[in-house]
Amino acid sequence: MAELIVNTPEGTVQRYRLGPVTILGRHPDCDIVLTDPMSSRRHAKIELGPNGQYFVEDNHSANGTALNNDFLRTRLPYRDGDTLQIGSTLLTLRLNPMQVPRTLPGPQHLSDASLSIVRVREDVSEAAPSIDYSMAAGKGAVTAEEESSSDLIQLKRVTQRLKLLLDIGQALASSLEPRKVLMTCLDKLFEVFPQAERGFILLYGPDGEIPQSIAAEGLESDALTTRQGPVSVQKVRNPVPGQEHEVAVSRTIVNRVRELRQSILVSDATSDAAYNPAMSMARLEIHSVMCSPLIASDDDLGILYLDTKDAARRFGPDDVNLINAVTGQLAIVIKNAELARQAASEAASRQNLQRFLSPHLVDRIIKKELTVELGGSLKHGTVFFSDIVGFTRMAAQMRPGDVVALLNRYFRVMQEIIFARGGTVDKTGGDAIMAFWGVLVSAEFATANSVTAAIEMQNAMFVFNRELALDENIVKPPEPLGHGIGLNTGDFIAGNIGSERKIEFTVIGNAVNLAQRVESIAGRGQVFVGAGTYEEIRDRAIVFRLPDCPVKNVAKPIPIYSLRGIIPPSATGSGTTAGTPHNVTSRVEPGSQSILFTLPCKLVQDGRKPVNAVVVRMVCNRSERRARLQVQAETPIPPGSKLRLLWDLQEKPKLSPLNVEVERSWTPKAPGSVPPPEQDVGDGSTSLIEIQSEEGSLLLVASDVADDVMELRPGVEIPSDLRSYEEIIRA
């Protein structure tokens, strides 16, 4: 048997048996109906394969389905313990599950008119009550002597106790209300012990302290499972008028149970001075008390207490054995509910944080290794803005639902790139994204990572459009999408900013405003950076220097650089050039020479329609004037094809074209085929990393490469062919 454990955003935990095919989603016809606002009508499907293996796939949902924190791209195996995430809902597969409560306690109030206060009173006498019997909290309900006894009366009592445990176990398994869990125990115990006058269950607060009185009224709804304060429920068999809502108990007894971590039996033998009883028991005419700790593993959660005024029917050791077993069950249920609530809370927190922060930052925040300061503080970092050019015009020609589905798909792709490069998404608005680097965590290569992400996003947009054209399940925009990106580096204020009603972590300042002004100039496929960013990446960047541009609220025109290539930081991001100032974060570290480009172009073949493409890698051999290029193209082109590569760079329209031949394409490989051996195109003067063909890309070889193309190398500031800012057209 297989079960799906569903942790909902509301904090409840539900269990469902899986059939051969299980559909998950918001629609009432789904096998498992999800209430998560991020779920689609028929969001995902779980299917049992012929070999008993379960598989899971996303049904082209708007917000995606994550399997073990990775978004599903294809149908994948769903194994025991694997967790799906749909919005803030977690779904864990369990094979051959144990019989446990179908739904753990959800948030409920513990207040009740008949249950008010437990008062813990100090004893007048300094002497502690005499303990007649104690028992380790882990012992069972039936002793060894009772198991081997043939006495009918004793066997009847054993049977009664076992039935009580069964009844309580069933009640705990079926109850949906936290207060009912606790009250069920007291009700059942009062049935078995007719002499019991008063009883209560107390759960300690997180600090372990017990106040003078613990009121049940006004408790927070999740107090039972998170123990944000002491919790108690109580029962009085025949309350005295005026004292219906109060139980007084000796603090000495409570402290002694906590100290011993054992269930104890206390008698008030008033006729024997040797007992020197506690005055609170004598004053209340209590003749017998049983008190047992609620211990789950090593955690001391609280106590269960019963007392009686009936001197003829005092509690005995076998009675202590019984409540010992009851508290053992109760402690496990409370602990499991608490752990489930914590897991759901952490999952919800992780889900919310993952919308804005990279996964490794989320892990550090969850582990409390990293904190976000309240208020604002001065930071030095890089701010990023992007938006889709002409999207308002395109959206006006589409249905609102189709626009939302398209944007969700776009944001999912682009935010993953930002997170992978250590960035933090500040917000999305319409079709725009705002992000920043170097704020929550000071990273040595924050600026280099930010511009690397920008170039990767431009290349990803090309692939996004190509995949969008092939997807039959989504409505296409009137034209391919293209976004402009702008970045600026400088000092700004970062922190929690807002009002009492709404607050958010963001960045403000002139450096932030300037980043948005730079982005407003950039057109499709362009990454523009301000002077502050360029100064920190000049050693690793390939840029075209544009004419100075006037921008809003800035007195003089500002320098603008069009970024077309970058040496990405290495995985470790270590090793700066000696003597680099501390605030310069982008010097080239040793062993990092693979250049990432974003160079739009067209591939022209005689008699055929030009194919749109973008060059993402290029390695040149200057001595032989040849190059090898990795190119993303709209369609595959057969190997051996001879083409003319025409650059499509607005800032450098006169860049010399290339004569190229297709060495490899992404046509399916024959089974067992061996790829051709790699060729070294380096001339030995620099440490160049060989370009490898990747799925979905062409590998081209160019000959007779012109000098201006050879100049596309890091550290060279290439003048643009544009002579005036008026020639920069955002289109």
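Bear in mind that the values here come from a model prediction, so they are computed numbers and not experimental data.
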Inter-residue atom distance Thr489.OG1 - His380.NE2, 0.5 Å rounding: 6.0 Å
To the nearest 0.5 Å, how far apart are CD1 in Ile637 and CG in Leu698? 5.5 Å
As an exercise, state the distance from CD1 of Ile32 to CG of Leu34, rounded to the nearest 0.5 Å. 7.5 Å
Value rounded to 0.5 Å, distance of OG in Ser450 from CD1 in Ile537: 7.5 Å
Go through the structure and list residues passing side chain to side chain contact (heavy atoms under 4.5 Å, CB included) with Val389, not counting sequence neighbours. Arg524, Arg730
Applying salt bridge (charged side-chain N to carboxylate O under 4.0 Å, His left out) to Arg644 and not counting sequence neighbours gives none
Using residues 608-616 as the side-chain source, report each donor-acceptor pair under 3.5 Å to any protein atom, sequence neighbours left out, with the distance given to one decimal.
from, atom 1, to, atom 2, distance (Å)
Arg608, NH1, Gln605, OE1, 3.4
Asn612, OD1, Lys602, NZ, 2.5
Asn612, ND2, Glu634, OE2, 3.1

For Asp708 and Ser656, test the side chains for any donor-to-acceptor distance below 3.5 angstrom and give the result as yes or no. yes
As an exercise, state the distance from CG of Leu546 to CZ of Phe528, rounded to the nearest 0.5 Å. 5.0 Å
In this structure, which one of Val543, Leu712, Leu649 forms a side chain to side chain contact (heavy atoms under 4.5 Å, CB included) with Arg564? Leu649
For the atom pair CD (Gln458) and CD1 (Ile417), what is the distance rounded to the nearest 0.5 Å? 10.0 Å
Under a 4.5 Å cut-off applied to non-hydrogen side-chain atoms, are Asn459 and Gln632 in contact? no
Is there side-chain contact between Ile521 and Val551, with at least one heavy-atom pair below 4.5 Å? yes
Between Val527, Thr452, Thr598, which is the residue that forms a side chain to side chain contact (heavy atoms under 4.5 Å, CB included) with Leu563? Val527
Hey, can you tell me if Tyr561 and Tyr534 have their rings parallel, tilted or perpendicular (30° and 60° cut-offs)? parallel
